[in-house]
Amino acid sequence: NEEAATWYARALDLAADAGWDAREKAEALMRRGQCLERAGRRDEARRSFLDAAAETRNTDDGELLAEIAIAATPRYITLDEFLAELAALVDEALAKSGSDPRRRVRLLSAASACHYYDRDRGDEIYAQQALELARHHEDPEVQGSALVQYRRLLTHDPVRAEERLDLSRE
């Protein structure tokens, strides 16, 4: 992963000479971020993801922005300054993303993770949207992901025992 990140950096240095457009730069930045994250270089990975998102804004490509937001969402959430930037990115991607239900449910899951510790906003709105999405799509991946997300919300709220029971019957 270290070597791949280095090659992506070299390619990005030559991107202008090669005539890359904003989409190609954004994709390379996203892939570099993924390599950096796998190599344990979290701060550099985060910067690469944010740079990829900035480059994508020059394309008006909501689907690519969604891919970047999903890739930037770490396997674990840390309560630091990046969480606010990531939450804003995910919310922006949700607003600009298309109707692909698989991508949308992944974005909703990322948004829920970002806002889980947000006392003012919380993650319930995203879990509710994911549940609605599951009810209207036959895709088992969409349904499973949405139900897991909604279940997580319910299991962390002690006053929602009746809803947990109802969900187990769906």
Side-chain angles (χ1 to χ4, degrees), residues 1-16 18-78 80-116 123 125-127 129-134 136-150 152:
N1 290 310
E2 287 278 348
E3 185 176 348
T6 301
W7 282 109
Y8 276 115
R10 288 181 182 162
L12 286 159
D13 288 342
L14 300 171
W20 282 13
D21 62 16
R23 183 174 183 26
E24 291 170 314
K25 290 177 195 170
E27 286 179 357
L29 284 162
M30 177 182 67
R31 301 285 180 234
R32 182 170 189 266
Q34 290 170 318
C35 292
L36 289 166
E37 184 177 45
R38 287 186 203 115
R41 294 165 53 187
R42 186 178 67 176
D43 291 338
E44 291 171 83
R46 290 172 167 185
R47 183 77 259 143
S48 192
F49 289 131
L50 293 175
D51 290 346
E55 198 65 47
T56 302
R57 289 182 189 102
N58 297 324
T59 70
D60 290 330
D61 186 339
E63 298 305 309
L64 180 55
L65 188 64
E67 287 181 40
I68 293 166
I70 292 165
T73 303
R75 294 177 298 274
Y76 52 89
I77 296 294
T78 54
D80 58 14
E81 65 281 346
F82 179 70
L83 185 58
E85 292 176 284
L86 178 61
L89 173 60
V90 171
D91 287 341
E92 179 185 359
L94 271 169
K96 293 180 178 179
S97 72
S99 59
D100 176 9
R102 286 182 178 191
R103 182 171 286 125
R104 187 136 187 96
V105 79
R106 287 185 207 115
L107 275 171
L108 288 167
S109 181
S112 179
C114 290
H115 292 288
Y116 182 77
D123 63 335
I125 187 170
Y126 303 106
Q129 288 178 32
L131 187 59
E132 268 312 296
L133 194 61
H136 292 94
H137 289 281
E138 299 292 322
D139 186 332
E141 181 182 332
V142 171
Q143 292 174 340
S145 296
L147 289 173
V148 165
Q149 182 179 340
Y150 190 71
R152 186 184 71 221

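The chain is numbered in sequence order, starting from 1.
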> Which heavy-atom pair separates Ala72 from Phe82 by the least distance, and what is that distance?
Replying inline: O-CE2, 4.0 Å
> Is the closest basic N to carboxylate O distance between Asp43 and Arg47 below 4.0 Å?
Replying inline: no
> With sequence neighbours left out, what residues match Glu27 under side-chain contact (heavy atoms from CB on, under 4.5 Å)?
Replying inline: Arg23, Leu64
> With sequence neighbours excluded, what pairs up with Glu37 under the salt bridge (Lys or Arg N to Asp or Glu O under 4.0 Å) test?
Replying inline: none
> Which heavy atom in Ala130 sits nearest to a heavy atom in Ala146, and how many Å separate them?
Replying inline: O-CB, 3.0 Å
> Are Leu89 and Phe49 side-chain neighbours, meaning at least one heavy-atom pair lies under 4.5 Å?
Replying inline: no
Side chains of residues 5-15: which donor-acceptor pairs under 3.5 Å do they make with residues two or more places apart or in other chains?
| from | atom 1 | to | atom 2 | distance (Å) |
| --- | --- | --- | --- | --- |
| Thr6 | OG1 | Glu2 | O | 3.0 |
| Trp7 | NE1 | Glu3 | OE2 | 3.4 |

>> Working to the nearest 0.5 angstrom, can you tell me the gap between Leu29 CG and Ile68 CD1?
In response: 8.0 Å
>> Checking the side chain of Thr73 only, and the main-chain atoms of Ala69 only, is there a donor and an acceptor separated by less than 3.5 Å?
In response: yes
> Considering only heavy atoms from C-beta outward, does the side chain of Asn1 approach that of Leu36 to under 4.5 Å?
Replying inline: no
>> I want to check something: taking the side chain as every heavy atom from C-beta on, are Leu86 and Pro74 in contact at a cut-off of under 4.5 Å?
In response: yes
> What heavy-atom pair brings Ala127 and Tyr150 nearest, and what distance separates the two atoms?
Replying inline: O-CD1, 3.6 Å
> Which heavy atom of Leu133 sits nearest a heavy atom of Pro101, and at what distance?
Replying inline: CD2-O, 3.6 Å
>> Are the side chains of Ser145 and Glu141 in contact, using a 4.5 Å heavy-atom criterion?
In response: yes
> What are the two closest heavy atoms between Ala45 and Gly33, and how far apart are they?
Replying inline: CB-O, 3.3 Å
> Tell me, do Arg104 and Leu94 make a side-chain contact under 4.5 Å, heavy atoms counted?
Replying inline: yes
> From Gln129 CD over to Leu107 CG, what is the distance, rounded to the nearest 0.5 angstrom?
Replying inline: 10.5 Å
> salt bridge (Lys or Arg N to Asp or Glu O under 4.0 Å): which pairs involve residues 63-72, sequence neighbours left out?
Replying inline: Glu63-Arg103, Glu67-Arg103
> Which heavy atom of Ala26 sits nearest a heavy atom of Thr56, and at what distance?
Replying inline: CB-OG1, 3.1 Å
>> Lys25: which residues meet the salt bridge (Lys or Arg N to Asp or Glu O under 4.0 Å) condition with it, sequence neighbours left out?
In response: none
> About how many Å separate NZ of Lys96 and CG of Asp91, when rounded to the nearest 0.5 Å?
Replying inline: 12.0 Å
>> My understanding is that only residues two or more places apart in sequence, or in another chain, count here; which of them pass salt bridge (Lys or Arg N to Asp or Glu O under 4.0 Å) with Arg46?
In response: Asp80
